[in-house]
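Below: one structure, written as structure tokens.
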Amino acid sequence: MTTGHDDIPFFDEEPQEAAPRRPAAAPSAPAGSGVGGIAARAMAARDAGRRPDYLAGLNPEQTEAVETLEGPLLVLAGAGTGKTRVLTTRIAHILSTGRAYPSQILSVTFTNKAAREMKERVALLVGGAVEGMPWLGTFHSIGVKLLRRHAELVGLTSDFSILDTDDVVRLIKQLIQAEGLDDKRWPAKQFAGMIDGWKNKGMTPADIPEGDARAFANGKGRELYAAYQARLKTLNACDFGDLLLHPITMFRKNPDVLKDYHQRFRYILVDEYQDTNTAQYMWLRLLAQRPKGELQNVCCVGDDDQSIYGWRGAEVDNILRFEKDFPGAKVIKLERNYRSTEHILGAAAHLIAHNEGRLGKTLFTDRTNPDDDKVQVHAAWDSEEEARAVGEEIEQLQRGDSSGLKHALNDMAILVRASFQMREFEDRFVTLGLNYRVIGGPRFYERLEIRDAMAYFRLVCQPADDLAFERIVNTPKRGLGDTAVRTLHDYARARDIPMLAAAHDLIETDEMKPKPRKALFDVVMSFRRWQERLENTPHTELAEQILEESGYTDMWKNDKSAEAPGRLDNLKELIRSMDSFESMRGFLEHVSLVMDAETNENLDAVSIMTLHSAKGLEFQTVFLPGWEEGLFPHQRSLDESGRAGLEEERRLAYVGLTRAKRHCHIWFVSNRRIHGLWQSTLPSRFLDELPATHVSVAETEQSYGGYGRGGYGQSRFDKAEPFANSYSTPGWKRAQANRTDATRDNWGSRSGHAVERIGYGESGPKARTIDGELVAKSTTETPSRFAIGERVFHIKFGNGNISGIEGNKLTIEFDRAGEKRVLDGFVERV
DNA sequence: TTAGGTTAAGTTTTT
DNA sequence: CTTAACCTAA
């Protein structure tokens, strides 16, 4: 795809006539009348004598979603219901029925990954005949494209820079200091977050609520925001929020420009509509406007049950309100799931039904199989054991399960609520020698050396980019320290010119000492040289020259540290990846917006990631550890957003469950180390919300099932089948080897008699269903075997007095550890 | 400048 | 407890 900058002028992408063929459906046809569908079918029939291939294999709802082309349409697509297929087929349908050219379809996604996938799949459907769609992309990349064309309307020039979060924070810090404020008391990072929040809501400095404005920087919040915007303008730069905000401002101020786009975009599609924030919503509303009587061909696809980004400004309300926002809208629900087993869907459906704010849809499948596993809930004593048991299970699946089915590690994923949970799994997998991959780590372009190199390139292309200048003026070390930079900075600000230009001036004067002056002279001359080559040297070659001549590569070559060779490799990789771009500018844009870390597809490895980053993915087997109160649902979410927070956490749980195709294992532990200290934890309330009919409780001896002991749990243990044949298994041997004295002691003293851990070798966890009840159920029905005031002993917290009882959950005032809530199974009378 | 010590904070993440 | 960011001393 071409980049916005050297793009073709406005409106000359398509032939002279307004549309390829007159749409068969009259624009005035009532919404949802099905006229479009009939027309399409008629057309297809005429052209090929039958329904086009791409429509084959769609279910009735999907077909309707594809063929309802005229008028607003909301497709509520549950997890695994073929959402992407509908979107891509819809585009193919629009194109192949001749309703619009590719350039007349605006198609927005949230992530580059989604955009890429859609492009590929549309290309597959339509064939090579249709060139890539110019307006298929993320909100942000389309925003950039719009801004490059009309930069002057918002006070920028079309070669503006895009700043990433790091640049933004550094800039804000400068501003805070410039205001004479204490940058410790008012952290730049926090303010950057606030600005981002305002921009997500579509607010300019004038729009922000007085309270917000006063809350920061001694009441100077608004001024600071305005100063920041002014500074961006002089830097000729945008932050990510501006990529949404500026187009909105631009459209509002220039109705004629907006009108051009109205004519252009005959069809608008939005993916993941539940994740749109207010700014994106405003953006969409502007573009979707149509004169009275004309239909808005807006199709939004989303799933309110999978809205998990409220905390970063997404408004679930956007999707809940769709029918009000777009009068005459049609709503189609996709509920037929092609991914998961009945049990997984049943569990997920029952869970999500506890949410109030939802449109209501229930996934189903008609592929039932009596052999399917139920969703399994496992208990473990602590997070270490949790990791160990999951590791065992993964190895076992890898070897092949009882039905002879062998799992590739690539088919398994561990989805955690918070990233600190990953560590224990990583540690465990390292000792096991199990391949794993962590998704969502630091990205390629966030690495130090990449950012440095990029700063050089940016400054060559955009001499006004002071942030880039400051970053590399003394990298590698040139003796241009704080004092020199300060002088430059002051000089530049006093005259309102970029720092590179200031440097140019200053080397003519004797304001600086000879040494830094010489160094600065070299820098200025180098950049002048590189800028001259920009037009006539191939950009990859130029990039190489820049890094060589600046001494940047030498800096790493001389570096003796262990990372240095890797960094040099990364730099090579960076240059290599420039090959596929037309120009250095085009490349810069992609890196700031698009580039992400590549995963090694060839490696067979278990994926470890957060629930958030798992959205949209699927795996044969999914492990969901850490289902404990406080962690999941996360305490902070509850504290900050109350019921709404809880519902979002529940949606997160729903997302987790629905990632699984065949097997889903949920874990919770009784003790978890948080901020270094051990905390006793209670099972997540979400466990209570799972239906017994689709869930089984896996009993592993080693878990001690601490859980439930006080109520009805004990008897289940008594009936547990012995794992007699397990002693000779590798798993058992490994378990023996791994058993530490500490854990043995804990266990021994806790239960009063030594209990051996057996059974997580070959025989694996035995799963049984407890009729109608789950182990995790925290009922008050069973009277507690304890009474308030009793003195008890807990293995981790020592002695204490019971101050409250709620079912099997006790509140205890420990002598040393203070007040804790623990399960009664873990304490004993003194 | 760099190393080493101190301090504070510690969900989730895309663009 | 661990990490990252920041500050001070050599």
Side-chain angles (χ1 to χ4, degrees), chain A residues 108-115 137-144 147 162-170 173 183-185 187-190 193 196-197 199-200 238-245 271-272 275-277 279-280 283 307-314 383 415-424 427 439-443 445-446 474-483 559 561 589-597 609-616 626 630-641 645 648-649 651-653 655-656 672-679:
Chain A
V108 210
T109 63
F110 269 79
T111 63
N112 295 301
K113 199 177 156 204
T138 61
F139 277 99
H140 296 267
S141 64
I142 290 171
V144 173
L147 283 179
I162 299 162
L163 305 185
D164 63 28
T165 358
D166 215 71
D167 295 323
V168 168
V169 171
R170 280 192 297 148
K173 190 163 188 175
D183 63 307
K184 270 188 205 153
R185 177 135 183 252
K189 229 177 167 174
Q190 190 191 336
D196 198 50
K199 290 189 174 177
N200 283 161
C238 277
D239 63 15
F240 284 122
D242 286 340
L243 301 181
L244 297 173
L245 257 190
D271 191 15
E272 305 279 17
D275 287 338
T276 46
N277 59 38
Q280 286 157 339
W283 188 96
S307 159
I308 54 175
Y309 286 111
W311 53 273
R312 73 175 191 212
S383 43
L415 312 182
V416 298
R417 175 61 182 81
S419 44
F420 75 83
Q421 291 173 262
M422 294 180 181
R423 209 200 150 133
E424 236 146 346
D427 287 352
I439 314 268
R443 298 150 157 255
Y445 68 82
E446 280 167 3
N474 200 29
T475 313
K477 300 276 178 294
R478 303 185 173 96
L480 292 165
D482 281 349
T483 345
D559 191 303
S561 69
E589 185 145 311
H590 261 256
V591 173
S592 56
L593 281 178
V594 170
M595 207 154 138
D596 38 28
M609 67 187 98
T610 63
L611 285 160
H612 282 94
S613 37
K615 197 167 85 164
L631 176 58
F632 193 35
H634 201 281
Q635 193 56 47
R636 200 142 156 187
S637 196
L638 302 182
D639 292 346
E640 282 169 16
S641 318
E648 183 155 314
E649 294 285 305
R651 290 193 291 267
L652 206 46
V655 167
R672 190 173 287 279
R673 196 163 47 182
I674 297 166
H675 306 335
L677 15 124
W678 284 96
Q679 303 261 273

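Order of the sequence lines fixes the chain letters, A, B, ..., with proteins taken first and strands second; residue numbering starts at 1 for each chain.
When each of B:dT11, B:dT15, B:dT1 is scored by its nearest atom to the side-chain atoms of A:His634, the top-ranked nucleotide is B:dT11. Taking only side-chain atoms of A:Tyr309, from C-beta outward, the nucleotide of B:dT12, B:dT13, B:dT15 with the closest atom is B:dT13. Here the nucleotide nearest the side chain of A:Asn474, chosen from B:dT13, B:dT12, B:dT1, is B:dT1.
Looking at which nucleotide of DNA chain B each of A:Thr165 and A:Ile308 is closest to, the 5′-most match is held by A:Ile308. Residue whose closest nucleotide on DNA chain B sits further toward the 5' end, between A:Leu480 and A:Ser637: A:Leu480.
Between the CG atom of A:Asp639 and the P atom of B:dG10 there is a distance of 13 Å, given to the nearest Å. For the pair A:Asn277 CG and B:dT12 C1', the computed distance is 16 Å after rounding to whole Å. With rounding to whole Å, A:Leu652 atom CG is found 15 Å from B:dT11 atom P. A:Met422 has its CE atom 18 Å from the P atom of B:dG10, to the nearest Å. We find that CG of A:Asp196 is positioned 14 Å from C1' of B:dT12, with the value rounded to whole Å. Nucleotide B:dT15 holds its C1' atom 8 Å from the CG atom of A:Leu244, rounded to whole Å. The CG atom of A:Leu631 sits 11 Å away from the C1' atom of B:dT12 (whole-angstrom rounding). If you take CG of A:Asp166 and P of C:dA5, they are 9 Å apart, rounded to a whole angstrom.
Put simply, A:Trp311 rests on the base of B:dT12: the two rings are less than 5.5 Å apart at their centres and nearly parallel, under 30°. Stacking is found between A:His675 and the pyrimidine-like six-membered ring of the B:dG10 base under the 5.5 Å centre-distance and 30° plane-angle cut-offs.
If you check every strand for non-hydrogen atoms under 4.0 Å, A:Gln421 touches nothing. Heavy atoms of A:Arg423 sit under 4.0 angstrom from primed sugar atoms or phosphate atoms, though from no base atom. In this structure, A:Ser419 reaches the sugar-phosphate backbone alone: every heavy-atom distance under 4.0 Å involves primed, P, OP1 or OP2 atoms, never a base. Using a 4.0 Å heavy-atom distance criterion, A:Glu640 is classed as a base contact. Within 4.0 Å of A:Arg673, counting heavy atoms only, lies no atom of the nucleic acid at all.
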*Please report the C-alpha distance between A:Asp639 and A:Arg636 in whole Å, then the side-chain angles of each, then the deciding distance to 0.1 Å, and finally whether the salt bridge (charged side-chain N to carboxylate O under 4.0 Å, His left out) criterion is met.*
CA-CA 5 Å; A:Asp639 292 346; A:Arg636 200 142 156 187; over 6 Å; no

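Considering only side-chain N and O atoms, A:Asn112 lies nowhere under 4.0 angstrom from the phosphate OP1 or OP2 of B:dT14. For the OP1/OP2 pair of C:dC6 and a distance below 4.0 Å, the side-chain nitrogens and oxygens of A:Lys189 include no atom meeting the criterion. Proximity of A:Lys199 to the phosphate of B:dT15: no side-chain N or O atom is located under 4.0 Å from OP1 or OP2. An OP1 or OP2 oxygen of B:dT13 is reached within less than 4.0 angstrom by no side-chain nitrogen or oxygen of A:Arg312.
Side-chain atoms of A:Asp166 never come within 3.5 Å of backbone atoms of A:Val169 as a donor-acceptor pair (strictly under, hydrogens ignored). Within the 3.5 Å criterion, the main-chain N or O of A:Gly310 finds a donor-acceptor partner in the side chain of A:Glu648. Using a distance-only test at 3.5 Å, with no hydrogens or angles considered, a donor-acceptor pair links the side chain of A:Gln421 to the main chain of A:Ala418. A:Asp239 places a side-chain N or O within 3.5 Å of a backbone atom of A:Asp242 that can act as its donor or acceptor partner.
Taking the C1' atom of each, B:dT11 and C:dC6 are spaced 24 Å apart, rounded to whole Å. Using P as the reference atom, B:dT12 and C:dA5 are 15 Å apart when rounded to the nearest Å.
A heavy-atom distance below 4.5 Å is not found between the side chains of A:Phe110 and A:Asp271.
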